[in-house]
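As structure tokens, the structure follows; a few thoughts come after it.
When a ligand or atom number is given, it counts from 1 through the structure's own listing order. Note that the coordinates shown come from a computational prediction; the quantities given were computed from them, not determined experimentally. Just so you know, residue 1 is the first one in the sequence shown, and it goes up from there.
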Amino acid sequence: MDLFENIQPNKLEIDKEVYFLSGYALTNEKALMIDLQEILSQAPLRRMMTKMGFYTSATMTNCGQLGWISDSKGYRYDALDPQTLKAWPKMPVSFFQLAQHAALEAGFGDFEPDACLINQYKVGASMGLHLDKNELDFTQPIVSVSLGISAIFQLGGLSRSDKPIKIPLTHGDIVVWGGESRLKYHGIMPLKPNNHAVLGPYRYNFTFRKAG
Ligand code: MD3
Ligand code: FE
């Protein structure tokens, strides 16, 4: 009988170079939530239109040097918020350091994120299976931070037809996606009704990238 068999390791490799850091963002929870409110006041959440003419189910904004945007011309990164015509809010030190520490924990020692996409999901919102391939350097990992109500994340394979695995993501969880997993299909299932004591009936996801 192994005395430690019921203790959850705080770092789990759930797929090739996909590292799950359970509750890792809770160490700096207060600062993250205060800095989030400040970003949202400067660069409001909005739906983005896709090239196909559909609006995203999640609302989005960005902080950092570059922001991910989508409109009728397609997806890209831009230094300016098309809605305010101002630069995106600076990436808060609390965000940057958390992303760097999480990447280091997963073995990526030189992660310098220049973009942080903030997605807000209300109950019922979802994100269909897709690839993230607008970044210039695929050797850089992606770090994602989940806050608020839980969601089921779907991780597929390199081809759209690969059957996805389901991973529950809850308040404070961080996932680092590196190597070939960086280019796998992924998505978020429709959120179930729930409420977070501080953030309300919403899930926030911060996706840190080296985009430029
Ligand atoms: C796995 N967002 O914004 S974050 C996205 O929870 C996006 O809001 C989801 O997918 C969300 O593009 C998932 C985690 C994530 C981000 C990028 C990935 C997982 C990834 C790229 C490759 C594989
Ligand atoms: Fe994605």
task: Evaluate the criterion salt bridge (Lys or Arg N to Asp or Glu O under 4.0 Å) for residue pair Arg182 and Asp132; output intermediate values, then yes/no.
output: CA-CA 8 Å; Arg182 172 77 184 66; Asp132 288 30; 5.7 Å; no
Keeping [X] on the side-chain end and [Y] on the backbone end, is there a donor-acceptor pair under 3.5 Å?
X     : Y     : result
Asn62 : Trp88 : no
Thr59 : Leu45 : no
Asn28 : Ala25 : no

Sub-6.0 Å ring centroid separation between Phe95 and Phe206: yes
What atoms of ligand 1 come closer than 4.0 angstrom to any heavy atom of [X]?
X      : value
Arg209 : 3 (O), 5 (C), 12 (O)
Ser181 : 22 (C), 23 (C)
Asn205 : 4 (S), 6 (O), 8 (O), 11 (C)
Ile142 : 16 (C), 17 (C), 21 (C)
Leu117 : 3 (O)
Phe153 : 13 (C), 14 (C), 19 (C)
Lys184 : 22 (C), 23 (C)

message: I need the single residue from Arg47, Arg76, Lys51 that forms a salt bridge (Lys or Arg N to Asp or Glu O under 4.0 Å) with Asp71. Which is it?
response: Arg76
message: If we set the cut-off at 4.0 Å for heavy atoms, which region of Met127 has an atom near ligand 1: side chain, backbone, both, or neither?
response: side chain
query: Do the ring planes of His186 and Phe153 sit parallel (below 30°), tilted (30 to 60°) or perpendicular (above 60°)?
result: parallel
- request: Looking only at protein heavy atoms, identify the closest one to atom 22 (C) of ligand 1 and say how far it is in Å.
  value: Arg182 O, 3.0 Å
- prompt: Considering only protein heavy atoms, which is closest to atom 21 (C) of ligand 1, and at what distance to one decimal place?
  reply: His186 CE1, 3.3 Å
For the 3.5 Å polar cut-off, considering only N or O atoms, please tell me whether [X] and ligand 1 meet it.
X      : result
Arg203 : yes
Ser144 : no
Asn119 : yes
Tyr121 : yes

Of the listed options Trp68, Tyr185, Trp177, closest to atom 19 (C) of ligand 1 (non-hydrogen atoms): Trp177
Is there a donor in the side chain of [X] and an acceptor in the side chain of [Y], or the other way round, less than 3.5 Å apart?
X      : Y      : value
Ser146 : Arg203 : yes
Glu17  : Ser181 : no
Tyr204 : Gln120 : yes

Pairwise distance CE(Met189) to CD1(Ile167) - rounded to 0.5 angstrom: 12.0 Å
message: Yes or no: does Val175 have any heavy atom under 4.0 Å from an atom of ligand 1?
response: no
The Fe ion (ligand 2) - name of the N/O/S atom of Asp132 that sits closest to it: OD1
message: Looking only at N, O or S atoms, which one in His130 sits nearest to the Fe ion (ligand 2)?
response: NE2
